[in-house]
Amino acid sequence: MVGQDKLSSAEIVMADPKRVYELYDHWPSDVEDALKIQVEVPRKKYERIIYLAVGGSATAGDIISDWFLSSGGIEISVFRGNLPKVSLENALVIVCSTSGDTEETLQMARTVVRKHPDMVAISAGGKLKELAEKEGIVHVGIRLSKAPRYTLPYSLFAAVSTLRSASLLDGMEWELGETVSNLKKTSRNIGRAVPTERNTSKQIARIAARGEPCIFATSVSRSVARRFKTCLNENAKMHATYNSAPDFLHNEVEEWEQPDGRLQPIFIQREGDPAAQVKSREAFIRILEKKGVEVGRVLGKGKGNLSQLMNLCYTLDVASYYTGLLRGVDPFPIRLIDEIGRAHV
């Protein structure tokens with residue numbers, strides 16, 4: 001039975017039989033390994049990226065999309081499950097399934113491959129690798145962690161390596177080294193041995209565990225908000241919502257006229273947030289504080305846009321893990337997802 005401080009290093013080890021904390025400790029080295037991948041892309045000039053994935057595998061595309069939006073990269077369209085009629089002219093298609101067996105992703109890949117696009121498949125093997133080999137598609141192998149959601153750094157930076165090989169990181173490649181350095185520093189600051197008063201992940205976890213987290217981001221960090229929400233679902237087995245500016249500033253703010261004590265607002269912030277959105281966000285936070293609502297904030301650290309996004313993602317992923325421990329649940333199993341998955345067998 002865990003003691004009073006559920007987030008002490010000793011209590012974390014006792015409460016986590018799968019040692020998930022070790023998987024998070026390895027994130028910086030996973031990024032370094034993925035950046036060593038060399039990809040033979042079909043050609044070197046593209047005007048658009050089409051990213052096909054579902055669930056956690058799609059998060060990689062979301063984060064890259066936010067990075068490119070902030071740093072001046074080309075258009076990236078992320079499609080989940082269903083694929084509209086879309087032009088593949090001058091487009092590089094990246095299809096990612098961490099396991100290689102995600103049925104929705106395989107269906108999208110089969111649909112697109114008939115059009116003979118320039119395509120790169122990313123997976124740890126499975127049916128996606130078989131499809132790639134059959135159709136002559138470039139396949140990038142990644143190492144699967146104990147569960148797909150913990151493999152994000154590898155799948156994300158395998159995609160980044162693909163974009164680098166396609167000469168799509170002009171003026172942005174300097175951000176890769178800074179991101180790795182920043183992740184190593186982040187790891188030292190959010191690990192299980194770091195006490196709560198100096199550990200942002202544990203501080204956010206204590207806020208999230210008190211009720212239902214309502215996560216707010218700007219238009220250039222929505223990927224992180226969505227990721228945090230889904231990790232709270234999986235690691236902490238709890239309800240959570242997310243929204244991004246400018247939309248929530250034009251509708252969702254009204255639900256706080258009479259605050260619900262169960263809701264815990266958490267704001268994701270970083271340098272480079274659009275000035276108008278920052279001004280409106282700060283006005284909203286002042287309103288909440290006047291109403292006695294405790295507000296959580298997490299600020300992305302780093303110089304580059306990718307570095308800040310990954311610092312936020314890492315900090316909040318680990319926060320979702322700590323939230324699960326505070327709620328007395330084992331973060332590792334995903335029993336209902338597995339049960340639904342068996343329906344497709």
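Bear in mind the structure is a predicted one, so any value in this text is a computation, not a measurement.
- Annotation for S161 and I37: closest pair CB-O, 3.5 Å, computed over non-hydrogen atoms.
- Among residues two or more places apart in sequence or in another chain, the salt bridge (Lys or Arg N to Asp or Glu O under 4.0 Å) test is passed with R222 by none.
- Using a cutoff of 4.0 Å between basic side-chain nitrogens and carboxylate oxygens, E22 and K146 are not scored as salt-bridged.
- Considering only residues two or more places apart in sequence or on other chains, E289 meets the salt bridge (Lys or Arg N to Asp or Glu O under 4.0 Å) condition with none of them.
- Taking the ring-ring contact (aromatic ring centres under 6.0 Å, His included) definition, one finds that Y322 meets it with nothing, sequence neighbours left out.
- Residues satisfying the salt bridge (Lys or Arg N to Asp or Glu O under 4.0 Å) criterion with D16, sequence neighbours excluded, are absent altogether.
- With T102 contributing its side chain and T98 its backbone, the two residues share no donor-acceptor pair below 3.5 Å.
- Using modelled atom types, no side-chain atom of S221 and backbone atom of A217 make a donor-acceptor pair closer than 3.5 Å.
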Side-chain polar contacts of residues 328-336 - donor-acceptor pairs under 3.5 angstrom, sequence neighbours left out - could you list them?
residue, atom, partner, partner atom, Å
D330, OD1, F332, N, 3.1

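- In the model, E175 has no side-chain atom that pairs as donor or acceptor with a side-chain atom of S307 under 3.5 Å.
- Between N311 and R270, the side chains place no donor N or O within less than 3.5 Å of an acceptor N or O (distance only, hydrogens not considered).
- Taking the salt bridge (Lys or Arg N to Asp or Glu O under 4.0 Å) definition, one finds that D66 meets it with nothing, sequence neighbours left out.
- Electrostatic pairing of E75 and R48 counts as a salt bridge here, judged by a charged N lying under 4.0 Å from a carboxylate O.
- In this structure, L92 and V120 approach most closely via the heavy-atom pair CD1-CG2, 4.3 Å.
- Contact check on E11 versus K202 returns no salt bridge, with no Lys/Arg side-chain nitrogen under 4.0 Å from an Asp/Glu carboxylate oxygen.
- Within the 3.5 Å criterion, the main-chain N or O of D101 finds a donor-acceptor partner in the side chain of S99.
- Scored by the side chain to side chain donor-acceptor pair (under 3.5 Å) test, R149 finds N235 as partners (sequence neighbours excluded).
- Among pairs with a residue in residues 81-93, none fulfils side chain to side chain donor-acceptor pair (under 3.5 Å), at least two apart in sequence or across chains.
- Counting heavy atoms from C-beta outward, R192 and D25 have side chains that approach closer than 4.5 Å.
- A ring pair (Phe, Tyr, Trp, His ring centres under 6.0 Å) check over residues 125-155, counting only residues at least two apart or in different chains, returns the pairs Y24-Y150.
- Note that CG of L35 is 5.5 Å distant from CZ of R164, once rounded to the nearest 0.5 Å.
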(message) Set out, in order, the CA-CA distance, both residues' side-chain angles and the distance that settles side chain to side chain donor-acceptor pair (under 3.5 Å) for T218 and D273, then state yes or no.
(response) CA-CA 7 Å; T218 66; D273 280 339; 2.7 Å; yes
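- Remark: W67 pairs with no residue by the ring-ring contact (aromatic ring centres under 6.0 Å, His included) rule, at least two apart or across chains.
- The backbone N or O of R198 sits nowhere less than 3.5 Å from a side-chain atom of N189 that would complete a donor-acceptor pair.
- Counted by atom type alone, T105 and E103 present zero donor-acceptor pairs between their side chains at under 3.5 Å.
- Listed by first and then second residue, the ring pair (Phe, Tyr, Trp, His ring centres under 6.0 Å) pairs involving residues 68-125 amount to none (not counting sequence neighbours).
- In the hydrophobic clustering (ILVMFWY side chains linked at under 4.5 Å, chained through shared members), F267 is joined by F216, F248, L249, V253, W256, L263, F284, I285, L288, V293, V295.
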